[in-house]
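Worksheet for the structure shown next.
Values reported hereafter were calculated over all heavy atoms of this structure, with side chains retained and with hydrogens, waters and symmetry mates removed. Lettering of chains follows the sequences in order, A, B, ..., and the numbering in each one begins at 1.
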Number of protein chains: 2
Amino acid sequence: MINILIADDHKMFVDGIESILRLEPDMKVVGRCYDGSSVEEAVIRLKADILLLDVNLPGMNGIEVCKKLSTTAKHVKIIAISMFNEESYVTEILSNGASGYILKNTGREELIKAIKTVDSGLSYFSEEVKHTIMKGLMKNNEKKEQKSKFFPKVSKREKEVLALIIDEHTTQEIASKLYISLKTVESHRSSLLNKLNVRNSAGLVRVAMENNLLAE
Amino acid sequence: MINILIADDHKMFVDGIESILRLEPDMKVVGRCYDGSSVEEAVIRLKADILLLDVNLPGMNGIEVCKKLSTTAKHVKIIAISMFNEESYVTEILSNGASGYILKNTGREELIKAIKTVDSGLSYFSEEVKHTIMKGLMKNNEKKEQKSKFFPKVSKREKEVLALIIDEHTTQEIASKLYISLKTVESHRSSLLNKLNVRNSAGLVRVAMENNLLAE
DNA sequence: CAATTTTTGAGGGTAATCCCTGATATTAGA
DNA sequence: TCTAATATCAGGGATTACCCTCAAAAATTG
């Protein structure tokens, strides 16, 4: 028997899910929550196996709830439910412990399949959600291009120096590692400060990491 | 008519694709490339609409090719093909301009569907690929948890100082902004260096950004 | 091959960081 | 309530980073 807890503030929707699951002999809805802050307690008290969790929940949103449960109630498996197919929601809640993500227009069969899949230890995502994520992946391209136009290209040697600065090395150490003079390293560092338009090494590290300058 | 160029160094595989596509009245294989460096020229000369691009290509790999084409031949739509379902390959090539990703065990129907879908301006990914990506998303969770246990908590005031360091402010500026003495800021900075176990401000920025210390 | 960019290097100086050893209120947790 | 952590501040010194100007090989690119 799979014990299911539903956390959603839309009563009609909860009723709908419950009427669907009533027909399943091996599933049982053991409770409902209408706000985020009561979820944790309910999960533990009712020994829920599966939590159907609305992402946009009043009080404490789904992502917060997820984060909390991943430390206080690791056993429960979470399927996130959302009205909208928002990329940011999906990535955020998945990296905070949810095992599945489905949309509210999901039909009866898919809901049951999702629950069974997740209960067995696998993950489940609806087609639309998968597609959204894949599209999101491709957008990185555009972003990268836009950003990289704002500051001129950083040369190969400068990248080497930058990498060592990020790695907490002093100018002297960098000079030794690259077999060049201290003054040369200072020169590179100075160019980097200019190119990336920052005031100090802290800024270099920040900009480099924000823009993945060392990736390519 | 859809003009298709195939770039793959496995001759048998190319033959297979070509024999499949020969039966399609509205598709035509206009050329083949057996290494990465010749792809760009061929795409332009043969006016290819679709490029079936092997990720692991000799000479210049698929990702490099993709990156190049996104500036020199924007019109061509790229479907990446790979033997393996490697998350890193998928994300990398997708964020460099590919419109689709399929595996080499793809059947006839799926291949044709992929080509038609991408040609119409949409993107296409095989089920296995989608699943790999989604699983990868969830892994972020584990990484985050592991890291955050290694260093002790950073106090509220220390976070304020840290934020200003990341924002490229000097100790004197931070002191003025927080209405405290320069020595106090130095004290906080020193504590941060100890707690985060780094040698200098560059390290502070790196660790802070890697672990999202300012988020909470 | 010419022009540009990159990489290399120097001198000399100012400003900022980092380290050490202290100390005293304030605050939060057990 | 008592203890531990936090936030505040100081002197002094060593090291490092940052700024300026300048310049000459070396590599890339047209």
- Task: Whole angstrom is fine here: how far is it from CD in B:Glu160 over to P in D:dT6?
- Result: 14 Å
- Contact string for nucleotides 2-18 of chain C, one letter per nucleotide 5' to 3', B = base within protein heavy-atom range under 4.0 Å, S = sugar-phosphate only, - = neither, reads ----SSBBBBB----BB
- Task: Go through the structure and list residues passing side-chain hydrogen bond (donor to acceptor under 3.5 Å, both in side chains) with B:Thr106, not counting sequence neighbours.
- Result: none
- Query: Is it true that the NZ or CZ of B:Lys104 lies under 6.0 Å from the centre of B:Phe13's six-membered ring and within 45 degrees of the ring axis?
  - Reply: yes
- Any Lys/Arg nitrogen of B:Glu110 or B:Lys113 sitting under 4.0 Å from an Asp/Glu carboxylate oxygen of the other? no
- B:Lys177 and B:Glu173 ion-paired at < 4.0 Å: no
- Message: Can you measure A:Ile174 atom CD1 to D:dT16 atom C1' for me and round it to whole angstrom units?
- Response: 11 Å
- More than 12 heavy atoms of other residues, nucleotides or ligands under 6.0 Å from OH of A:Tyr89: is that the case? no
